[in-house]
Amino acid sequence: MRSVPVTDLTERPARDLARAIASREVSPVEAVEAHLDRIARLEPKLQAFVEVYADDARLAAEGADRMIRAGHAVGPLHGVPVALKDLIDLEGRITTGGSAHFRVRRATETATIARRMLAQGMIVLGKTHTVEFAYGGWGTNQHMGTPWNPWDRATPRTPGGSSSGSGVAVAARMAPWAIGTDTGGSVRLPASFCGLTGLKVTIGRVSTAGIVPLSTTLDTPGPMARSVEDVALLYTILSGPDPRDPNTRGIVPEDPMPALHRGVRALRLARMPAAERDGVSPEMLDAYDASLDQLARLGAEIVDVALPFRFADLVTASAIVQAECYFFNGTLSEDRASRLDEDVRLRTLAGAGVSAQDYLRTRRLQAEMKAAYARAMDGIDALLTPTTETAAIPLDAVDQAVMPSRFTRFGNLLELCALALPNGFTAGGLPLSLQIVCRGYDEATALRVGQAYQEATEWHWRAPAL
């Protein structure tokens, strides 16, 4: 049952907004103007956007309105606004990749996922902040700016990275949904810290063509929204083969919608091993345990599993990202005169020390762990973990040498899919998060489990007071 008000268009979930526009209850002009007004009011403090395309969004909304009134809507999402992470190319627009060095770099083509959204008549509100080169989990950026997590108006806290601006924009209702990218948790971490639902897709599900790369082996673009239904709807638009991205070849498209409301009865869901509870905050563990109890009441069988690794062990298997990031950004990072985030420079330069043997050894470990994990999870539909160890921490408490990706990194390394969604709040009002991890190319099951949970709870409808 939804408990959010819907009189303000910015409070409407994307799915409801799309239906209202399609039925002509609301015009695209009204929807876009409402979000631009909210951006104008909140952006001076929250700093979610690198650039807002206000004039172009208004023009696009007027065009969409005329087409819909003429009976020429091009799809069910025609006229619905969206925000894009500043890694995603739009021809003629600047893509900085979170780097002040690229403040004037204009894209010469449009990313495939952006083309797919534009083909549906969606309207881009602007580009959102990212950690430089998308290489960091806390969401900080020394030169381009760190977005303000809207759940604490007094203390600046981690928004999560690298898709920091997308997380803040959606949480603050400046956009109904947004696109992030996830190489080690960069959709799920901001989803956790900002109280959102975020989907990490399997490699090849969504094209990376036209997206600034961090690691071509592990990069996965994905949707961030307020609910599983919204995420599933946007995922159906984004996914599918693309001749520009060889990773998508041979991947059979999937429609998650038919199974979305089937519930979890008879599904076998694994709790994480007891040893993994060490280091997780009591409030996060309480929310996690309550989530398992809720899913059990809904008919799922909660089972134990013996995993062939500790989550923290796979966080250290970072040679793939280090080597590939250095390949793309090493020359710039070696230039001490370049204006880079020093924390990201250090991470990038670490790739210079990755030998061919190190890289190939990690790829072999990746294959071995994939096989071992598949054996451990045989007969189990999903693994449930917290998304992060704690809720968002104050920025002045961040240790840049430690990443918050203990529970997320293994999903990328093992080419799994995963869904993060809100499952409670701390006593201080900060969001907590559950992660649902499924085998590769089984996004439909992750979304199905998440939808069952959200049909029985209302955590995802809470909004920060702004």
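In this chain, residues are counted from 1 in sequence order.
- Taking 4.5 Å as the limit, some side-chain heavy atom of T220 sits within range of a side-chain heavy atom of I203.
- Between A172 and R38 the shortest heavy-atom distance is O-NE, 2.6 Å.
- Note on residues 391-414: pairs passing salt bridge (Lys or Arg N to Asp or Glu O under 4.0 Å), not counting sequence neighbours, are E276-R406, E389-R406.
- Between the side chains of Y135 and Q322, no donor N or O sits under 3.5 Å from an acceptor N or O.
- Side-chain contact check for I436 versus L384: some heavy-atom pair is nearer than 4.5 Å.
- Using modelled atom types and a 3.5 Å distance limit, the side chains of T110 and E91 yield no donor-acceptor pair.
- Under the side chain to side chain contact (heavy atoms under 4.5 Å, CB included) test applied with P223, the options T197, L199, V82 reduce to a single match, L199.
- Looking only at side-chain heavy atoms (C-beta outward), L434 and W459 stay at 4.5 Å or farther from each other.
- Of all the heavy atoms in P190 and G185, the pair that sits closest is CD-O, 4.0 Å.
- In this structure, the side chains of M377 and V305 come closer than 4.5 Å at one or more pairs of heavy atoms.
- Counting heavy atoms from C-beta outward, P176 and H35 have side chains that approach closer than 4.5 Å.
- Taking CG from L218 and SG from C325, the interatomic distance works out to 12.0 Å, rounded to the nearest 0.5 Å.
- Classification of the F193-W138 ring pair by plane angle, with boundaries at 30° and 60°, yields parallel.
- Summarising the local packing, CZ of F102 is surrounded by more than 12 heavy atoms from other residues, nucleotides or ligands at distances under 6.0 Å.
- No donor-acceptor pair closer than 3.5 Å links the side chain of R339 to the backbone N or O of A100.
- Among T95, T96, T130, the single residue meeting the side-chain hydrogen bond (donor to acceptor under 3.5 Å, both in side chains) criterion with D86 is T96.
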Checklist entry - Stepwise, does the side-chain contact (heavy atoms from CB on, under 4.5 Å) test hold for L383 with Y373? => result CA-CA 11 Å; L383 172 65; Y373 181 81; 3.7 Å; yes
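- Using modelled atom types, one finds a donor on one side chain and an acceptor on the other under 3.5 Å when comparing R363 with Q366.
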Checklist entry - Does the salt bridge (charged side-chain N to carboxylate O under 4.0 Å, His left out) test come out yes or no for R361 and D358, once each step is laid out? => result CA-CA 5 Å; R361 187 179 301 114; D358 294 332; 3.0 Å; yes
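- Considering CZ of R268 and CD1 of I380, their distance stands at 5.5 Å, rounded to 0.5 Å.
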Next on the checklist: Show, in sequence, the C-alpha distance, side-chain angles and deciding distance for V170 and C194, and conclude whether the side-chain contact (heavy atoms from CB on, under 4.5 Å) test is met.
Outcome noted: CA-CA 9 Å; V170 178; C194 292; over 6 Å; no
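- Listed for the E229 side chain is no donor-acceptor partner under 3.5 Å among the backbone atoms of R15.
- For the pair R205 (side chain) and G222 (backbone), a donor-acceptor distance under 3.5 Å is absent.
- When atom types are taken as modelled, the side chain of R12 and the backbone of A31 share no donor-acceptor pair closer than 3.5 angstrom.
- The two residues G450 and L421 make their nearest non-hydrogen contact at O-CD1, 3.8 Å.
- Side-chain contact, T208 with D219: no donor N or O sits under 3.5 Å from an acceptor N or O.
- Not one N or O on the side chain of D89 forms a donor-acceptor pair closer than 3.5 Å with the backbone of A111.
- Defined by atom type and a distance below 3.5 Å, a donor-acceptor pair is missing between the side-chain atoms of D245 and T248.
- The minimum heavy-atom distance between M174 and A48, with the atom names listed, is CE-CB, 3.6 Å.
- M117 has its side chain within reach of L238: a pair of non-hydrogen atoms, C-beta onward, lies under 4.5 Å apart.
- Panel note: side chain Q454, backbone S227; no donor-acceptor pair is recorded below 3.5 Å.
- For the atom pair OG1 (T128) and CE (M224), the distance works out to 8.0 Å, reported to the nearest 0.5 Å.
- Here R105 contributes atom CZ and S99 contributes atom OG; the two are 7.5 Å apart, rounded to the nearest 0.5 Å.
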Item to check | Check against side-chain contact (heavy atoms from CB on, under 4.5 Å), L125 and Y53 | outcome: CA-CA 5 Å; L125 295 171; Y53 306 147; over 6 Å; no
Checklist entry - Which is it for N141 and H129 under the side-chain contact (heavy atoms from CB on, under 4.5 Å) test, yes or no, and what are the steps along the way? => result CA-CA 9 Å; N141 191 309; H129 277 286; 5.6 Å; no
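- Taking CG of N149 as the start and CD1 of I393 as the end, the distance is 11.5 Å to the nearest 0.5 Å.
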Next on the checklist: Using side chain to side chain donor-acceptor pair (under 3.5 Å), reason through R439 and T445 one step at a time and then give a plain yes or no.
Outcome noted: CA-CA 9 Å; R439 60 182 54 86; T445 296; over 6 Å; no
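- Closest heavy-atom contact between E43 and F49: OE2-N, 2.8 Å.
- Here the CD-OH distance, from E443 to Y441, works out to 8.5 Å after rounding to the nearest 0.5 Å.
- Here the side chains of V344 and V131 are in contact, with some heavy-atom distance below 4.5 Å.
- For the residue pair R188 / T408, no side-chain donor-acceptor distance below 3.5 Å is found, with atom types taken as modelled.
- The number of heavy-atom neighbours closer than 6.0 Å to CG of D278, taken from other residues, nucleotides and ligands shown, is above 12.
- In this structure, the side chain to side chain donor-acceptor pair (under 3.5 Å) partners of S162, at least two apart in sequence or on a different chain, are K85, S186.
- Taking 4.0 Å as the cut-off between side-chain N and carboxylate O, R115 and D242 do not count as a salt-bridged pair.
- In this structure, the side chains of L314 and L414 come closer than 4.5 Å at one or more pairs of heavy atoms.
- Of the possible donor and acceptor atoms, one in the side chain of K127 sits under 3.5 Å from a partner among the backbone N and O of I88.
- Side-chain atoms of W148 never come within 3.5 Å of backbone atoms of T158 as a donor-acceptor pair (strictly under, hydrogens ignored).
- A salt bridge (charged side-chain N to carboxylate O under 4.0 Å, His left out) with E51 holds for exactly one of R93, R103, R106; it is R93.
- T348 contributes no side-chain N or O that, together with a main-chain N or O of Y326, makes up a donor-acceptor pair within less than 3.5 Å.
- Between P221 and V201, the shortest heavy-atom distance links the atoms O-CG2, 3.3 Å.
- T387 and S192 share no side-chain donor-acceptor pair at under 3.5 Å.
- A donor-acceptor pair under 3.5 Å links the side-chain atoms of E132 to the main chain of D341, judged by distance alone.
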